[in-house]
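Please read the structure below before turning to the comments.
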Amino acid sequence: MVKRKNNITGLSRFLTEATKQASSSQLNSSEASSSSSASAVHREASALAAESSIESEYANLRPTKRLRQQTGLLGEGLEKYDATGLVPFYTEASQVPEHLQKYFSQRERYFSMYSSGCLLDEEGWYSVTPERVADQIAERCRCDVILDAFCGVGGNAIAFAQTCERVIALDVSPVRLALARHNAALYGVQDRIEFVLADFLSFARALQTISQSKRNGRQPSRRKIDVVFLSPPWGGPSYIEGSPSKTHAIASAAIQPDDGVEDVHAEFSLANIRPIHGHDLFKVARGITKNIAYFLPRNTNLQEISQLIAEDPSEKVEVEEEWMGSKLKALTCYFGGLAGGQETMFDEELCT
């Protein structure tokens, strides 16, 4: 295809010249009006530019797509349970403070999944129940609903979640509750545990108030909690000496690690239990259910334990020794329907 030629005849040339003159005349006559409207056009252009700038700024203020939470020790999908960074996660002995070295050396006994990301605060290192011991207690406490009155970093609560339908885990420390939930998620049982920031005494009083209200309203009373597990503060690592230390006065149950050294220890009295006398703590728990599992130091005075049920001569207490290898670690005392030979007591209603 050839480009078309521009052939202009005489008439066409005349018309073209006339058009150019007319256009020139119109151009001269419109220069004045064009100059007067130039400023208006400029103002309009400025306004459009300003409007565009405002829209751009507004767009920056619009909510953007939520950024994905940073994945921690628990991995993707469990970010809402992840407590990574709340406390140190030790992977080598050189990272561990000297006073925790002996506990760190037995970390896999405390949590078999420790290397996968279990977290413990300082108190947790010397108070968490070894996993095998926790599993043994959980098997004995198998039920629908269990209350872990002092859950700490979750060692017992995790074990209970594998044998009970529901676990209510209490602690007064929001940090330890966060660590317990983190550890429970690592074991895949976080959905079976209800973590509650509360002290046991206040929680027990609230339960009694609710029960009283139901009775006053002539509503049928029914058992809500089958078992109460008590693992209260023993006074810190010095409990083995028979009295709590001032330094660790609020420390939870302290399981002494197996360091291969034979030890001779004084008797532990229930008077050293925190936050109140161990006998009084037991009575509070008995206001909830007869089925109590009481986790106590290995050197606890057995006479004091038997006195806990002195008011009912027909009832017995079963004391189970918790051993790890050749080392006696603690005692678990079973009351009510948890004790061997008293299974028929398990579903008995409390006297009102």
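All figures in this text were calculated on a predicted structure; none of them were measured in a lab.
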Any [X] side-chain heavy atom under 4.5 Å of [Y] side chain:
X	Y	value
Ser269	Asn301	no
Leu120	Tyr114	yes
Asp121	Val153	yes
Leu331	Glu321	yes
Leu201	Leu281	yes
His99	Glu122	yes
Leu147	Leu170	yes
Leu296	Leu270	yes

### Query
Mind checking what makes salt bridge (Lys or Arg N to Asp or Glu O under 4.0 Å) contact with Glu343, not counting sequence neighbours?
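Partners of Glu343 by the salt bridge (Lys or Arg N to Asp or Glu O under 4.0 Å) criterion come out as none, since no residue qualifies.
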
### Task
State which residues pass salt bridge (Lys or Arg N to Asp or Glu O under 4.0 Å) with Arg166; sequence neighbours excluded, sorted by chain then number.
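If we apply the salt bridge (Lys or Arg N to Asp or Glu O under 4.0 Å) test to Arg166, skipping adjacent residues, the hits are Glu194.
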
### Query
Which is it for Lys224 and Ile210 under the side-chain contact (heavy atoms from CB on, under 4.5 Å) test, yes or no, and what are the steps along the way?
CA-CA 11 Å; Lys224 292 289 186 181; Ile210 293 172; over 6 Å; no

Return the minimal non-hydrogen interatomic distance between [X] and [Y], and the atom names on each side.
X	Y	result
Ala159	Asp135	CB-OD1, 3.5 Å
Pro174	Leu197	N-CD1, 3.6 Å
Ala161	Val189	CB-CB, 3.7 Å
Ile288	Ala204	CD1-CB, 4.0 Å
Ala83	Leu179	CB-CD2, 4.1 Å
Leu338	Ala293	CD1-N, 4.0 Å

Determine yes or no for a side-chain-to-main-chain donor-acceptor pair under 3.5 angstrom, with [X] supplying the side chain and [Y] the backbone.
X	Y	result
Asn183	Cys118	no
Glu322	Val133	no
Glu79	Gly77	yes
Arg192	Cys164	yes
Thr84	Leu73	yes
Asp144	Glu165	no
Asn299	Ala266	yes

### From Glu320, Lys316, Arg140, residue fulfilling side chain to side chain donor-acceptor pair (under 3.5 Å) relative to Tyr334
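Answer after filtering Glu320, Lys316, Arg140: Glu320.
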
### Query
Does Met345 sit in a hydrophobic cluster with other residues, and if so which ones, taking ILVMFWY side chains as linked at heavy-atom separations under 4.5 Å, directly or through other members?
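Its cluster partners, ordered by chain and number, are none at all.
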
### Query
What pairs meet the ring pair (Phe, Tyr, Trp, His ring centres under 6.0 Å) rule with one or both residues in residues 297-329, with sequence neighbours excluded?
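Output for this query is empty, none listed.
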
### Query
Among pairs that include at least one residue of residues 155-177, which meet ring pair (Phe, Tyr, Trp, His ring centres under 6.0 Å), considering only residues two or more places apart or in two chains?
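Matches after skipping sequence neighbours: Phe160-Phe229.
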
Approximate separation, where rounding is to 0.5 Å, of [X] [atom1] and [Y] [atom2]:
X	Y	atom1	atom2	answer
Ile292	Lys290	CD1	NZ	11.5 Å
Lys102	Leu100	NZ	CG	9.5 Å
Ile158	Met113	CD1	CE	9.0 Å
Arg109	Lys329	CZ	NZ	6.5 Å
Met324	Glu131	CE	CD	9.5 Å
Thr289	Glu348	OG1	CD	10.0 Å

### Task
Quick one: list whatever passes side-chain hydrogen bond (donor to acceptor under 3.5 Å, both in side chains) with Arg286, sequence neighbours left out.
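Partners of Arg286 under the side-chain hydrogen bond (donor to acceptor under 3.5 Å, both in side chains) test: Glu315.
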
#### Entry: Any residue meeting side-chain hydrogen bond (donor to acceptor under 3.5 Å, both in side chains) with Glu139, in chain and number order, not counting sequence neighbours
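With neighbours one apart ignored, the set is Arg142.
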
#### Entry: Ala169: partners by side-chain contact (heavy atoms from CB on, under 4.5 Å), with sequence neighbours left out
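Checked Ala169 against side-chain contact (heavy atoms from CB on, under 4.5 Å); matches are Cys151, Ala157, Ile193, Phe195.
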
### Message
Listing request: all salt bridge (Lys or Arg N to Asp or Glu O under 4.0 Å) pairs with a residue in residues 85-94, at least two apart in sequence or in separate chains.
### Response
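Every candidate salt bridge (Lys or Arg N to Asp or Glu O under 4.0 Å) pair involving residues 85-94 fails, so no pair, neighbours aside, qualifies.
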
### Message
Surrounding CD of Gln95 (heavy atoms of other residues, nucleotides or ligands, distance under 6.0 Å), is the total greater than 12?
### Response
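More than 12 within 6.0 Å, yes.
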
Would you please name every residue forming a ring pair (Phe, Tyr, Trp, His ring centres under 6.0 Å) with [X], sequence neighbours left out?
X	answer
Phe282	Phe335
Tyr90	none
Phe111	none

### Task
Among Leu230, Leu308, Val319, find the one that has a side chain to side chain contact (heavy atoms under 4.5 Å, CB included) with Cys333.
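The residue from Leu230, Leu308, Val319 that satisfies side chain to side chain contact (heavy atoms under 4.5 Å, CB included) with Cys333 turns out to be Val319.
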
### Query
For Phe104, is the NZ or CZ atom of Arg107 found under 6.0 angstrom from the centre of its six-membered ring and inside 45 degrees of the ring axis?
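Yes, a cation-pi geometry holds between Arg107 and Phe104.
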
### Message
Under the criterion side-chain contact (heavy atoms from CB on, under 4.5 Å), I'd like the reasoning laid out for Tyr187 against Ser116: C-alpha separation, chi angles, the key distance, then a yes or no.
### Response
CA-CA 10 Å; Tyr187 278 79; Ser116 297; over 6 Å; no

### Task
Evaluate the ring planes of Phe200 and Phe150, with Trp represented by its six-membered ring, and classify them as parallel (under 30°), tilted (30 to 60°) or perpendicular (over 60°).
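Answer is tilted, since the angle falls between 30° and 60°.
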
### Distance flag, aromatic centroids of Tyr294 and Trp234, threshold under 6.0 Å
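No, the ring of Trp234 stays outside the 6.0 Å limit from the ring of Tyr294, centre to centre.
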
### Task
Show the numbers, then the answer: is there a side-chain contact (heavy atoms from CB on, under 4.5 Å) between Asn156 and Val167?
CA-CA 10 Å; Asn156 289 102; Val167 182; over 6 Å; no

